Visitor: 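My questions will all concern the structure given below.
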Amino acid sequence: MLKAVILIGGPQKGTRFRPLSFEVPKPLFPVAGVPMLQHHIEACSKVPNLKEILLIGYYQPNEALSRFLVTAQQEFKVAIRYLQEFSALGTGGGIYHFRDQILSGGPQAFFVMNADVCCAFPLLQMLEFQKKHEETHRYIMLGTTANRTQSLNYGCIVAKADTQEVLHYVEKPGTFVSDIINCGIYLFSPSIFEHIAEVFKRNQQDLQLCSSCISEENSSWQRTEVIRLEQDIFTALAGRGQLYVYKTDGFWSQIKSAGSAIYASRLYLDQYHVTHPERLAHNKAGAPVILGNVYVHPTANVDPTAVLGPNVSIGMGVTIGAGVRVRESIILHGAVLQDHSCVLNTIVGWDSSIGRWARVEGTPSDPNPNDPYAKIDSETLFREGKLTPSITILGCNVSIPAEVVILNSIVLPHKELSRSFKNQIIL
């Protein structure tokens, strides 16, 4: 029997995802037409004998999350539960805190995955890789190739060429270590908890030595429980013949900022040709012109003179008027794009409206298309005191008047604009 754990973080996380994470927990943000988490759950549901999926995070239970869990369980016929941490416990602390829940029923192994990654999820291949070397390969991490410069932004893996044993692991090194990076997807035997327990005990001992911490007992207990898989566990396991890397050539990206959601959407839409051709829109008489990969929710109302694509996803109940042009964008549910508006490299928030002949445009933050190993850069919001040009984001319920231009800007929710803006955050 197998299980899967998805680490979904909490409200303090996802700050780079604002203003979109104000309305919906980041893991439920729609990417290629379905919530980010659904891609993970669907991949897990295809693994034979995987009986339960546990979501671990520190979001307060909320209606959106509960509704998502109910529909996902019905659709994928797998038990899904949400386990709430009392505070952020780190990638290792969360699974250690809920170890009894993970181990109940006696799974032989379990997957652990970060919610903010987008990938082809080669879970069956990872299982196969582990089964081939059952004696030694207790812990498998998914790795992929990055370019030399960008590898410094990730966990770097030095592995033996023939066996793929991890000899050395460094999280975000200062200088080049390896171009194989950690994808945030793991397959563990239950014995991983012995290693996490060692770190937990060591943290406790360190706290007992620090007498000044005794007065703040609650926070010190919390600090004992904060354990990071990457820095605390993998670094120690490397070179001990137990941790191995399975390298994937499939697509992979992190979804840290809103800009990376548009890129992730492109990767998933591309995959739909194989996994969900029914989700892709096609050109037909009396329907809008479709260029490249486009997802249109069945309830959306799109004028046949509109031109959509490539890489566009249109949410539930969206209205798109005559002559509208949308490219490289995500239009969230209930938005209205009035006649002849033009939307490029933008995320249009829930229930927002864009006036006639208005142009809303951002600057893509895509990886270098000429480098097969390039990853998306997690861009800083400001550079040299100026807003870095990036995709334009309209929060929910934003109103853009007719005939204005909004360029490289972030508009917070519930704003009614009256003029054009360029390179600004509109509070």
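Just so it is clear, the values below take in all heavy atoms, side chains as well, and ignore hydrogens, waters and symmetry mates. Keep in mind that what you see is a predicted model, and the values were worked out from it rather than measured.
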Visitor: Does CZ belonging to Arg148 count more than 12 external heavy atoms closer than 6.0 Å?
Guide: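 12 or below, so no.
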Visitor: What's the spacing between Ile425 CD1 and Leu412 CG if we round to 0.5 Å?
Guide: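 The distance works out to 8.0 Å.
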Visitor: Rounded to the nearest 0.5 Å, what separation is found between the OG1 atom of Thr392 and the CG atom of Leu344?
Guide: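 Between atom OG1 of Thr392 and atom CG of Leu344 there are 9.5 Å.
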Visitor: If only atom types and distance count, is the side chain of Ser265 paired as donor or acceptor with the main-chain N or O of Ala32 below 3.5 Å?
Guide: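 Between the backbone of Ala32 and the side chain of Ser265 there is a qualifying donor-acceptor contact (under 3.5 Å).
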Visitor: Checking Asp351 against Asn397: is there a side-chain donor and acceptor pair closer than 3.5 Å?
Guide: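 No.
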Visitor: Would you say the side chains of Asp179 and Thr145 form a donor-acceptor pair under 3.5 Å?
Guide: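 No - no donor-acceptor pair under 3.5 Å links their side chains.
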Visitor: Say whether, by atom type as modelled, one donor and one acceptor occur between the side chain of Ser178 and the main chain of Ile180 under 3.5 angstrom.
Guide: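 It does hold such a pair.
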Visitor: For Arg266, which of Asp366, Asn293, Val312, Val31 qualifies under side chain to side chain contact (heavy atoms under 4.5 Å, CB included)?
Guide: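 So the option named by the test is Asp366.
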Visitor: Does the ring centre of His39 sit less than 6.0 Å away from the ring centre of Phe121?
Guide: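 No, the ring centres sit 6.0 Å or more apart.
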Visitor: Which residues pass the salt bridge (Lys or Arg N to Asp or Glu O under 4.0 Å) test with Arg279, sequence neighbours left out?
Guide: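 Counting only residues at least two positions away or on another chain, Arg279 forms a salt bridge (Lys or Arg N to Asp or Glu O under 4.0 Å) with Glu42.
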Visitor: With side chain to side chain contact (heavy atoms under 4.5 Å, CB included) as the criterion, how do Glu85 and Ile56 come out once you've worked through the C-alpha distance, each side chain's angles and the decisive distance to 0.1 Å?
Guide: CA-CA 7 Å; Glu85 300 166 293; Ile56 296 180; 3.8 Å; yes
Visitor: By the definition side chain to side chain donor-acceptor pair (under 3.5 Å), identify the one residue from Asn311, Thr346, Asn345 that meets it with Glu328.
Guide: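 Passing option: Asn311.
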Visitor: Determine, step by step, whether Arg356 and Glu403 satisfy the salt bridge (charged side-chain N to carboxylate O under 4.0 Å, His left out) criterion, reporting the C-alpha distance in whole Å, the side-chain angles of both residues, the deciding distance to 0.1 Å, and the verdict.
Guide: CA-CA 6 Å; Arg356 300 160 71 94; Glu403 301 182 21; over 6 Å; no
Visitor: Measure the shortest side-chain to side-chain distance between Ile330 and Val348 over non-hydrogen atoms and say whether it is less than 4.5 angstrom.
Guide: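 SC-SC contact between Ile330 and Val348 ruled out.
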Visitor: Verify the distance criterion only: is there a donor paired with an acceptor across the side chains of Gln150 and Asn147 at less than 3.5 Å?
Guide: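 Looking only at side-chain atoms, Asn147 and Gln150 do form a donor-acceptor pair, the distance falling under 3.5 Å.
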Visitor: Checking Asn62 side chain against Leu65 main chain: does a donor-acceptor pair fall under 3.5 Å?
Guide: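 Pair found, side chain donor or acceptor close to backbone of Leu65.
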Visitor: To the closest 0.5 Å, what do you measure between OH (Tyr96) and CD1 (Ile196)?
Guide: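 Between Tyr96 OH and Ile196 CD1, I get 8.5 Å after rounding to 0.5 Å.
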Visitor: Evaluate side chain to side chain contact (heavy atoms under 4.5 Å, CB included) for Leu50 paired with Lys3, printing each intermediate quantity in order.
Guide: CA-CA 5 Å; Leu50 194 141; Lys3 288 193 184 189; 5.6 Å; no
Visitor: Less than 4.5 Å apart, any side-chain heavy atom of Leu37 and any of Leu28?
Guide: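 The answer is yes; the side chains approach within 4.5 Å.
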Visitor: Would you say Ile391 and Ile347 make side-chain contact, with heavy atoms under 4.5 Å?
Guide: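 With C-beta onward as the side chain, the pair touches.
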Visitor: Backbone N or O of Thr299 within a donor-acceptor pair of the His297 side chain at under 3.5 Å?
Guide: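 Between the backbone of Thr299 and the side chain of His297 there is a qualifying donor-acceptor contact (under 3.5 Å).
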Visitor: What pair of heavy atoms forms the shortest contact from Leu152 to Gly174, and how long is it?
Guide: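 Heavy atoms only, the tightest pair is CD1-O, 4.2 Å.
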Visitor: Does the side chain of Lys375 reach to within under 4.5 Å of the side chain of Thr144, using non-hydrogen atoms?
Guide: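 Yes - at least one pair of side-chain heavy atoms lies under 4.5 Å apart.
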Visitor: Which residues pass the ring pair (Phe, Tyr, Trp, His ring centres under 6.0 Å) test with Phe251, not counting sequence neighbours?
Guide: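 For Phe251 the ring pair (Phe, Tyr, Trp, His ring centres under 6.0 Å) partners, ignoring immediate neighbours, are Tyr268.
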Visitor: Would you list the pairs meeting side chain to side chain donor-acceptor pair (under 3.5 Å) in which at least one residue belongs to residues 64-74, sequence neighbours left out?
Guide: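 Checked against side chain to side chain donor-acceptor pair (under 3.5 Å) - neighbours excluded - the pairs reaching residues 64-74 are Glu63-Arg67.
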Visitor: If you look at every heavy atom in Pro389 and Asn408, which pair is closest and at what distance?
Guide: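 Closest approach of Pro389 to Asn408, heavy atoms only: CB-ND2, 3.6 Å.
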Visitor: For Asn301, check side-chain hydrogen bond (donor to acceptor under 3.5 Å, both in side chains) against everything at least two apart and list the hits.
Guide: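 For Asn301, no residue satisfies side-chain hydrogen bond (donor to acceptor under 3.5 Å, both in side chains) once neighbours in sequence are set aside.
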Visitor: Out of the candidates Phe98, Phe110, Phe188, Phe200, only one should pair with Phe193 under the ring-ring contact (aromatic ring centres under 6.0 Å, His included) rule; please name it.
Guide: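 Answer after filtering Phe98, Phe110, Phe188, Phe200: Phe110.
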Visitor: Under 3.5 Å, is there a donor-acceptor pair between the side chain of Asp232 and the main chain of Arg228?
Guide: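 Checked: pair present.
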Visitor: Hey, is the main chain of Asp116 close enough, under 3.5 Å, to the side chain of Asn114 for a donor-acceptor pair?
Guide: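 Absent.
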Visitor: Side chains of Tyr139 and Leu187: closer than 4.5 Å at any heavy-atom pair?
Guide: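 Not in contact.
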Visitor: May I ask you to decide if Ile406's main-chain N or O and Ser409's side chain share a donor-acceptor pair within less than 3.5 Å?
Guide: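 No: the side chain of Ser409 does not pair with the backbone of Ile406.
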Visitor: Can you find a pair of side-chain heavy atoms, one from Met36 and one from Ile255, that are under 4.5 Å apart?
Guide: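 Yes, side chains in contact.
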Visitor: Would Tyr244 and Gln130 count as a side chain to side chain contact (heavy atoms under 4.5 Å, CB included) if you check the C-alpha gap in whole Å, the side-chain angles of each, and the deciding distance to 0.1 Å?
Guide: CA-CA 9 Å; Tyr244 288 78; Gln130 191 192 39; over 6 Å; no
Visitor: If you measure from CE on Met141 to OH on Tyr246, what distance do you get to the nearest 0.5 Å?
Guide: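 Output value for this atom pair is 15.5 Å.
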Visitor: Does any non-hydrogen side-chain atom of Ser341 lie less than 4.5 Å from one of Trp357?
Guide: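 A side-chain contact is absent here, since even the closest heavy-atom pair is not under 4.5 Å.
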Visitor: Assess whether atom NZ of Lys46 is packed by more than 12 heavy atoms of other residues, nucleotides or ligands within 6.0 Å.
Guide: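 Counting neighbours around NZ of Lys46, more than 12 heavy atoms of other residues, nucleotides or ligands fall under 6.0 Å, so yes.
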Visitor: Begin with the C-alpha distance, continue with both residues' side-chain angles, and end with the deciding distance and a verdict on side-chain hydrogen bond (donor to acceptor under 3.5 Å, both in side chains) for Glu171 and Thr235.
Guide: CA-CA 8 Å; Glu171 187 65 23; Thr235 310; over 6 Å; no
Visitor: Which heavy atom in Pro19 sits nearest to a heavy atom in Ile393, and how many Å separate them?
Guide: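 Closest approach of Pro19 to Ile393, heavy atoms only: CD-CG2, 3.8 Å.
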Visitor: Within a strict 4.5 Å, meaning less than it, do heavy atoms of the Tyr263 and Pro367 side chains meet?
Guide: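 Of all side-chain heavy-atom pairs linking Pro367 with Tyr263, at least one is under 4.5 Å.
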Visitor: With side chain to side chain contact (heavy atoms under 4.5 Å, CB included) as the test, would you mind laying out the steps for Asp249 and Lys247 before giving the verdict?
Guide: CA-CA 7 Å; Asp249 296 328; Lys247 285 190 223 163; 5.7 Å; no
Visitor: What is the distance from atom CZ of Arg202 to atom CD1 of Ile227, rounded to the nearest 0.5 Å?
Guide: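 Nearest 0.5 Å value for the CZ-CD1 distance: 9.5 Å.
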Visitor: Only counting residues at least two apart or in another chain, list the ones meeting side-chain contact (heavy atoms from CB on, under 4.5 Å) with His333.
Guide: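 side-chain contact (heavy atoms from CB on, under 4.5 Å) check on His333 returns Met316, Trp350.
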Visitor: Closer than 3.5 angstrom, by distance alone: can the side chain of Tyr82 be matched with the main-chain N or O of Gly57 as a donor-acceptor pair?
Guide: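 Pair found, side chain donor or acceptor close to backbone of Gly57.
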Visitor: Between Ser189 (side chain) and Arg138 (backbone), is there a donor-acceptor pair under 3.5 Å?
Guide: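 Yes; at least one donor-acceptor contact below 3.5 Å.
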Visitor: With Phe176, which residues qualify under ring pair (Phe, Tyr, Trp, His ring centres under 6.0 Å), at least two apart?
Guide: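 In terms of ring pair (Phe, Tyr, Trp, His ring centres under 6.0 Å), with neighbours along the sequence ignored, Phe176 is linked to no residue.
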Visitor: Does Gly92 offer a backbone N or O that forms a donor-acceptor pair with the side chain of His97 under 3.5 Å?
Guide: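 Looks like no, no N/O pair under 3.5 Å.
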Visitor: Pick from Asp303, Ile314, Ile354: which one makes a side chain to side chain contact (heavy atoms under 4.5 Å, CB included) with Ile320?
Guide: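 Among Asp303, Ile314, Ile354, the one that satisfies the side chain to side chain contact (heavy atoms under 4.5 Å, CB included) with Ile320 is Ile314.
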Visitor: State which residue, out of Leu142, Leu123, Leu7, fulfils the side chain to side chain contact (heavy atoms under 4.5 Å, CB included) condition with Met113.
Guide: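 Single side chain to side chain contact (heavy atoms under 4.5 Å, CB included) partner of Met113 among Leu142, Leu123, Leu7: Leu123.
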Visitor: How long is the straight-line distance from OG1 of Thr91 back to CG of Leu229, given to the nearest 0.5 Å?
Guide: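 Reported value, rounded in 0.5 Å steps: 4.0 Å.
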